[in-house]
Amino acid sequence: MCGIMGVIGGHDAVPALIDGLQHLSYRGYDAAGVAVFNGEHIQIRKTAGSLDKLKTLLSGQPVRGDVGIGHTRWATHGAPTDCNAHPHTDARERIAVVHNGIIENERALRLQLAAEGVEFRSQTDTEVVAHLVAKYLKETCDLHCALRKAIEAIVGAYALVVMSVDEPDRLYAARKDSPLVIGLSAGTGRGQKAPLQFGETGQSPALNGAGYIASDIPALLPYTREIILLEDGDVARVQRDSVTIWDRSDTIVLRESKTIHWDQEAADKGDHITFMEKEMDEQPDAAARLLEAPLLQAAIPERVVFVACGSAYHAALIGRQYFAQLAGIPSEVEVASEFRYESPLPLNNAMCLAVSQSGETADTLAAMRQAKLRGARAVAIVNVQDSSIAREADAVQWMHAGPEIAVATTKGFTTQVLALLRIALEWGRRREWLTAGAARSWANDLNKLPELMREAIADTERARRFATAHIAPRLVFFIGRGLDTPTAMEGALKLKEISYQHAAAYAAGELKHGPIALIEIDVLVIALCTQRELLPKTISNIREVKARGAYVLALCQRRDEAALKQAADEVWTLPDAPDALMPLLAVLPLQRLAYEVALLRGCSVDKPRNLAKSVTVE
Ligand code: M6R
């Protein structure tokens with residue numbers, strides 16, 4: 001989704017802005033722009049398309065100055081055009097604004113401002129903010145007050161950075177439901193837990209001649225590891241030598257700085273051609289790390305309500321089966337965007353379990369808040385430290401996946417599933433739902449998991465051959481039963497999002513209730529057959545689709561190969577393991593298959609069209 005970078009002092013703004021935006025570009029965007037103060041004016045350069053296009057524009061029409069803001073835009077209001085790209089300015093171009101999020105009352109504000117004589121130049125909601133700030137600046141002659149009044153008028157989610165010719169040595173930032181971090185220049189107060197140094201206002205950590213603002217930490221790592229995370233409702237003023245932060249009640253507050261320890265390299269591709277490939281290969285190590293990590297500290301609930309989106313929703317569907325089978329705990333799984341608007345029945349005694357790699361997914365965050373209001377305890381399974389969901393949850397299980405950059409999640413999904421499996425086993429043991437012997441044998445099986453994953457991940461060549469031979473644009477079905485059903489859903493989602501091949505996933509038993517009407521010669525069916533107790537049933541479903549002309553690829557445990565060879569056209573085997581571990585193994589070749597199809601089709605694997613890494617708007 002959109003990226004924000006702001007810089008004040010220390011060096012030429014443009015290279016830092018472009019560099020910062022580049023580090024955020026994995027989130028997905030379709031236009032980019034910068035605004036730089038050159039000592040007299042704010043100069044804007046912006047364009048639809050890539051950062052490379054912006055760089056070309058800047059080399060033809062350079063801008064210089066050490067104060068600037070930059071943005072990569074993922075279109076919501078208005079098409080991805082030059083004109084709709086950020087930054088946006090007021091009529092006199094004395095104020096420039098970049099914005100992530102959505103202003104929900106944009107229409108009303110636009111009409112009101114138009115009635116007051118404002119002429120709009122774009123279709124964006126962000127332009128409204130620039131005009132609002134200008135209007136209030138005229139009234140108050142103070143940018144902080146003007147921004148405060150503007151955000152009081154806004155309904156919706158925002159991370160905003162504002163610069164003005166009238167206060168050229170300051171950048172202002174404000175956030176609500178969309179992340180924003182401030183970077184303090186390197187070398188100053190590194191590692192301190194308290195504010196770095198107090199200035200005259202009582203709340204001004206001293207900077208070293210440069211300050212930064214960004215929508216995510218990776219943008220800042222080349223410049224500093226000392227960061228402050230703004231909280232919802234905060235307004236911040238960043239100057240060359242100080243930062244001042246006001247909370248939602250406009251009181252100056254102390255926000256602790258943190259030292260970021262993770263390495264930029266962890267967020268680089270290394271020898272891999274794509275982030276997705278690197279992240280697929282990292283899965284066994286990520287699993288090993290998670291197996292060593294501390295487990296969630298939370299009282300065992302009577303009932304669990306999962307809220308999640310996309311792949312995290314699929315992980316939750318697997319979690320539901322783990323909780324039932326291994327811990328005897330009932331649960332429901334809700335798509336977060338639906339849950340937040342459903343009837344507000346009480347959730348007393350329930351645990352809301354929010355599953356989110358980024359910890360910033362707007363729908364999941366809103367659903368978790370909604371569940372809390374309805375009386376649930378909120379627990380989150382999250383990868384990104386200090387993300388909004390992690391901060392608002394009562395307890396967190398960290399995924400320990402390391403930075404995930406590719407838009408299509410791989411290690412994020414498998415660590416979510418493994419975290420849920422560990423929690424289910426722990427609760428099952430504590431509730432004595434599992435016998436002591438079963439718990440011991442599970443501990444043994446989990447120890448073997450990273451090695452089993454390495455085996456399951458291996459066959460790139462086979463995936464490439466299959467992709468070449470069988471995935472011409474045709475109907476592709478993924479089917480499975482039990483734990484194979486959500487894995488099938490994840491396989492279909494991976495194929496769709498990175499290769500643009502339509503695919504549908506069904507519980508195999510559902511085929512007869514409608515979808516089998518689509519089966520004919522040339523349809524490809526990928527049948528997940530890893531759940532041994534359900535194998536005879538799935539084999540019957542394979543025969544039904546084969547009888548109607550489908551080509552069937554079956555995935556099964558090695559020990560079932562012979563049985564599947566009689567039913568399917570092609571069989572891929574996975575290591576033998578307990579059925580409950582199979583989602584963690586079966587998804588690996590499905591990810592690889594989607595990846596190979598995407599490469600063959602020349603798709604942008606890491607940044608598929610129309611998608612964003614963290615979906616911070618509704
Ligand atoms: O960061 P989250 O886990 O909350 O993200 C949820 C979904 O947006 C995400 O899983 C999405 O479906 C991925 N593109 C799937 O690969």
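Counting starts at 1 for both ligands and their atoms, in listed order.
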Participant: Given Gln357, Gln591, Glu404, Glu497, which one has a non-hydrogen atom that is nearest to atom 13 (C) of ligand 1?
Facilitator: Glu497
Participant: In terms of atom number and element, which parts of ligand 1 are under 4.0 angstrom from non-hydrogen atoms of Ser356?
Facilitator: 1 (O), 2 (P), 3 (O), 4 (O)
Participant: For Glu392, enumerate each residue passing the side chain to side chain donor-acceptor pair (under 3.5 Å) test, keeping only those at least two apart in sequence or located in another chain.
Facilitator: Arg369
Participant: Against heavy atoms of Ala408, which atoms of ligand 1 measure under 4.0 Å?
Facilitator: 16 (O)
Participant: Could you tell me whether Asp234 and Arg248 make a salt bridge, using a distance below 4.0 angstrom between a side-chain N and a carboxylate O?
Facilitator: no
Participant: Salt bridge or not for Arg340 and Asp363, using N-O below 4.0 Å?
Facilitator: yes
Participant: Which heavy atom of the protein is the closest neighbour of atom 1 (O) of ligand 1, given with residue, atom name and distance?
Facilitator: Ser358 OG, 2.7 Å
Participant: Are any of the heavy atoms in Glu360 under 4.0 Å away from ligand 1?
Facilitator: no
Participant: What protein heavy atom is closest to atom 8 (O) of ligand 1, reported as residue, atom name and distance in Å?
Facilitator: Val615 CG2, 4.1 Å
Participant: Near Val407, which atoms of ligand 1 are under 4.0 Å from a heavy atom of that residue?
Facilitator: 13 (C), 14 (N), 16 (O)
Participant: Looking at Ala312, which atoms of ligand 1 are within less than 4.0 Å of one of its heavy atoms?
Facilitator: 3 (O), 10 (O)
Participant: What protein heavy atom lies closest to atom 7 (C) of ligand 1? Include the residue and the distance to one decimal.
Facilitator: Cys309 O, 3.6 Å
Participant: Going by side chain to side chain donor-acceptor pair (under 3.5 Å), name the residues that satisfy it together with Arg303, two or more places apart in sequence or in a different chain.
Facilitator: Glu332
Participant: Using a strict cut-off of less than 4.0 Å between a Lys/Arg side-chain nitrogen and an Asp/Glu carboxylate oxygen, indicate whether Arg464 and Asp459 qualify as a salt bridge.
Facilitator: no
Participant: List the closest protein heavy-atom neighbour of atom 15 (C) of ligand 1: residue, atom name, distance to the nearest 0.1 Å.
Facilitator: Ser311 OG, 3.0 Å
Participant: So, Gln283 versus Thr414: side-chain donor-acceptor pair below 3.5 Å or not?
Facilitator: yes
Participant: Consider salt bridge (charged side-chain N to carboxylate O under 4.0 Å, His left out). Of Glu277, Glu282, Glu404, which one does Lys411 pass it with?
Facilitator: Glu282
Participant: Which one holds for Lys613 and ligand 1: side chain close, backbone close, both close, or neither close, with close meaning a heavy atom under 4.0 Å?
Facilitator: neither
Participant: In terms of atom number and element, which parts of ligand 1 are under 4.0 angstrom from non-hydrogen atoms of Gln416?
Facilitator: 3 (O)
Participant: Examine distances only and state if a side-chain atom of Gln557 and a backbone atom of Thr530 form a donor-acceptor pair shorter than 3.5 Å.
Facilitator: yes
Participant: Provide the closest heavy-atom pair for Asn100 versus Cys2 in the form atom of the first, atom of the second, distance.
Facilitator: OD1-CB, 2.8 Å
Participant: Return the closest protein heavy atom for atom 5 (O) of ligand 1 as residue, atom name and distance.
Facilitator: Thr361 OG1, 3.5 Å
Participant: What are the atoms of ligand 1, with element, lying closer than 4.0 Å to any heavy atom of Lys494?
Facilitator: 15 (C), 16 (O)
